Undergrad: 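I'd like to ask you about the structure that follows.
In listed order, ligands and their atoms are each counted from 1. What you see is a predicted model, and the numbers here were worked out from it, not measured in a lab.
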Amino acid sequence: MAALAADSLAPEAVSPHIRGRFGRSYLYRDRCASTQALLDPSSPEGTVAVCDEQTAGRGRYGRRWEAPAGTALLCSIVLHPPADRHAPELTLVGALAACEAVEGATGLAAQIKWPNDVMLNRRKVAGVLGELHHGRVVLGIGVNVNQTREQLPRSTPTPAGSLYTLTGRVYDRAELLGSLLFRLERLYDGWRHGGLAELYGELGPRDFLRGRRVHVDGHAGVAAGIDRTGRLQVDEGHGRVVAVEAGEVTYER
Ligand code: BT5
């Protein structure tokens, strides 16, 4: 099936949807290697890069992010977190913003699969990548918006979905971007002020892994929540709970 989207992410289509500071400085390309590489981390906070097609979209650990031209939201945002905050937590802040934006658009509840996946109906609809450069962060967010089933990557460890495959509706990516940036800004301001503890009430109920059997970083057990510094707690049994800083989780469905 052909791509369904005829929307635009060009500046004139996006600017009516920008409500806060983030996105006032906006770089757009039809095509680029990765939106992560379009941004200079020292540019002003809230500078945003977007493109319609990435030829070398990045995931974590050197993996690829795949999306056909014109179907997805592919964006990166420059953040200058305070030195006394733990910058890797911004991945969770980005995932929370993506959850809220996806929920606002679809009306369905979205969850975070620690640390960086956004899940809708048990499918990965978005991924977040935080890259730290001398204290500055370039936060990349990819949301599967209007891809058809055939346009989604197959045989991924976590099954992929798009807002379209999960709801049968086509979405305006410019509107979704405006909503994502506005929510990210609000959550980021909260995080700057009080760290993850400030966002804990929103994070806890969205924990996709909680109660599932997981393997991560050499540990096996039941996921027991995300702690206030963003670590995944794993209950290995016999009263032993470990907190995992980073890693790739496999889970039982
Ligand atoms: C992520 O990595 O989930 C972070 C993805 C971040 C993408 C955005 S797009 C805008 C910005 N510019 C970039 O270059 N990157 C950011 P990770 O957890 O490592 O997941 C990557 C894995 O997800 C891949 O190895 C595939 O298995 C799977 N995957 C690839 N494309 C996908 C898609 N469109 N939907 C769902 N899963 C996908």
Undergrad: At under 4.0 Å between heavy atoms, which part of P153 makes contact with ligand 1: side chain, backbone, both or neither?
TA: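 For P153, the contact with ligand 1 is made by the side chain alone.
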Undergrad: Just to confirm my output: which protein heavy-atom neighbour is closest to atom 38 (C) of ligand 1, and how far is it?
TA: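 Heavy-atom neighbour on the protein nearest atom 38 (C) of ligand 1: W65 CZ3, 3.5 Å.
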Undergrad: Using a distance-only test with no angle check, is there a side-chain donor-acceptor pair under 3.5 angstrom linking T148 and E150?
TA: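 There is such a pair (donor and acceptor under 3.5 Å, judged by atom type) between the side chains of T148 and E150.
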Undergrad: May I ask which of R60, R63, Q54, K113 has a heavy atom nearer to atom 12 (N) of ligand 1 than the others do?
TA: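 The nearest heavy atom belongs to Q54.
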Undergrad: Out of curiosity, is G57 lining ligand 1, as in a heavy atom under 4.0 Å away?
TA: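 In this structure, G57 qualifies as a contact of ligand 1 - some heavy atom is under 4.0 Å.
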Undergrad: To which protein heavy atom is atom 31 (N) of ligand 1 closest, and what is the distance rounded to 0.1 Å?
TA: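 Its nearest protein heavy-atom neighbour is E66 N, 3.1 Å.
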Undergrad: In the protein, what heavy atom is nearest to atom 36 (C) of ligand 1, and what distance, to one decimal place, separates them?
TA: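 For atom 36 (C) of ligand 1, the nearest protein heavy atom comes out as A160 CB, 3.5 Å.
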Undergrad: I'd like to know if the side chain of D7 pairs up with that of Y171 as donor and acceptor (distance under 3.5 Å, no hydrogens or angles considered).
TA: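 Looking only at side-chain atoms, Y171 and D7 do not form any donor-acceptor pair under 3.5 Å.
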Undergrad: If you measure from the Lys or Arg side-chain nitrogens to the Asp or Glu carboxylate oxygens, is any gap between E100 and R186 under 4.0 Å?
TA: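 Between R186 and E100 there is a salt bridge, with a charged N closer than 4.0 Å to a carboxylate O.
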Undergrad: Look at atom 8 (C) of ligand 1 and say which protein heavy atom is nearest, naming residue and atom and giving the distance to 0.1 Å.
TA: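 Heavy-atom neighbour on the protein nearest atom 8 (C) of ligand 1: G142 N, 3.6 Å.
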Undergrad: Among protein heavy atoms, which lies nearest atom 4 (C) of ligand 1, and at what distance?
TA: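 Here the nearest protein heavy atom works out to V128 O, 3.6 Å.
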Undergrad: Under 4.0 Å from any heavy atom of P157, which atoms of ligand 1 are there?
TA: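 Every atom of ligand 1 under 4.0 Å from some heavy atom of P157: 27 (O).
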Undergrad: Can an N or O of T156 be found at a distance shorter than 3.5 Å from an N or O of ligand 1?
TA: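 Looking only at distances, the answer is no, because the N/O contact criterion of under 3.5 Å is not met.
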Undergrad: I need the minimum non-hydrogen distance between C75 and L180, along with the two atoms involved.
TA: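 Closest approach of C75 to L180: SG-CD2, 3.9 Å.
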Undergrad: E248 to ligand 1: N or O pair under 3.5 Å?
TA: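 No, E248 has no N/O under 3.5 Å of an N/O on ligand 1.
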Undergrad: Which protein non-hydrogen atom lies closest to atom 23 (O) of ligand 1, naming both residue and atom, and how far is it?
TA: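 That would be K124 NZ, 3.6 Å.
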Undergrad: Charged N to carboxylate O below 4.0 Å: is that the case for E103 and R206?
TA: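 Here E103 pairs with R206 in a salt bridge, since their nearest N and O are under 4.0 Å apart.
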Undergrad: Under 3.5 Å between any N/O of Q147 and any N/O of ligand 1: does that happen in this structure?
TA: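 Between Q147 and ligand 1, no N or O pair is found under 3.5 Å apart.
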Undergrad: State whether a side-chain donor-acceptor pair under 3.5 Å links Q54 with W65.
TA: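 Their side chains do not contain a donor-acceptor pair, so the 3.5 Å distance test is not met.
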Undergrad: Got a sec, which residues hit salt bridge (Lys or Arg N to Asp or Glu O under 4.0 Å) with R154, two or more places apart in sequence or on another chain?
TA: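 R154 satisfies salt bridge (Lys or Arg N to Asp or Glu O under 4.0 Å) with no residue once adjacent residues are dropped.
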Undergrad: With distance as the sole criterion, is a donor-acceptor pair present between the side chains of Q36 and S76 under 3.5 Å?
TA: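 Note: Q36 and S76 side chains meet the donor-acceptor criterion.
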Undergrad: Taking Y200 for the side chain and I226 for the main chain, is one N or O donor matched with an acceptor at less than 3.5 Å?
TA: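 Here the side-chain-to-backbone pair exists.
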Undergrad: I'd like to know if R136 pairs up with E45 as an ion pair, taking the criterion as any Lys NZ or Arg NE/NH1/NH2 lying under 4.0 Å from an Asp or Glu carboxylate oxygen.
TA: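 No.
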Undergrad: Could you tell me which residues satisfy salt bridge (Lys or Arg N to Asp or Glu O under 4.0 Å) with R123, sequence neighbours excluded, listed by chain and number?
TA: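 By the salt bridge (Lys or Arg N to Asp or Glu O under 4.0 Å) rule, R123 matches no residue at all.
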Undergrad: At a 4.0 Å threshold, what atoms of ligand 1 neighbour a non-hydrogen atom of G59?
TA: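 Matching atoms, with element in brackets: 2 (O), 4 (C), 19 (O).
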Undergrad: Between L129, V249, N116, which one has a non-hydrogen atom sitting closest to atom 18 (O) of ligand 1?
TA: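 Shortest heavy-atom distance from atom 18 (O) of ligand 1: N116.
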Undergrad: Give me the residue, atom name and distance of the protein heavy atom closest to atom 15 (N) of ligand 1.
TA: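 Its nearest protein heavy-atom neighbour is R58 O, 2.8 Å.
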Undergrad: Go through ligand 1 atom by atom and flag the ones less than 4.0 Å from a non-hydrogen atom of N144.
TA: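 Reading through ligand 1 atom by atom, the close ones are 33 (C), 34 (N), 35 (N), 36 (C).
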Undergrad: Students should be able to answer this: which protein heavy-atom is nearest to atom 11 (C) of ligand 1, and at what distance?
TA: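 Result for atom 11 (C) of ligand 1: T35 OG1, 3.2 Å.
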Undergrad: Report yes or no: does T165 contribute a side-chain atom to a donor-acceptor pair with the main-chain N or O of G161 at less than 3.5 Å?
TA: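 Side chain of T165 to backbone of G161, a donor-acceptor pair under 3.5 Å: no, none is there.
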Undergrad: Report the part of C75 (side chain from C-beta onward, or backbone N, CA, C, O) that has a heavy atom under 4.0 Å from ligand 1; answer both or neither where that applies.
TA: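 It is the backbone that touches ligand 1; the side chain stays farther off.
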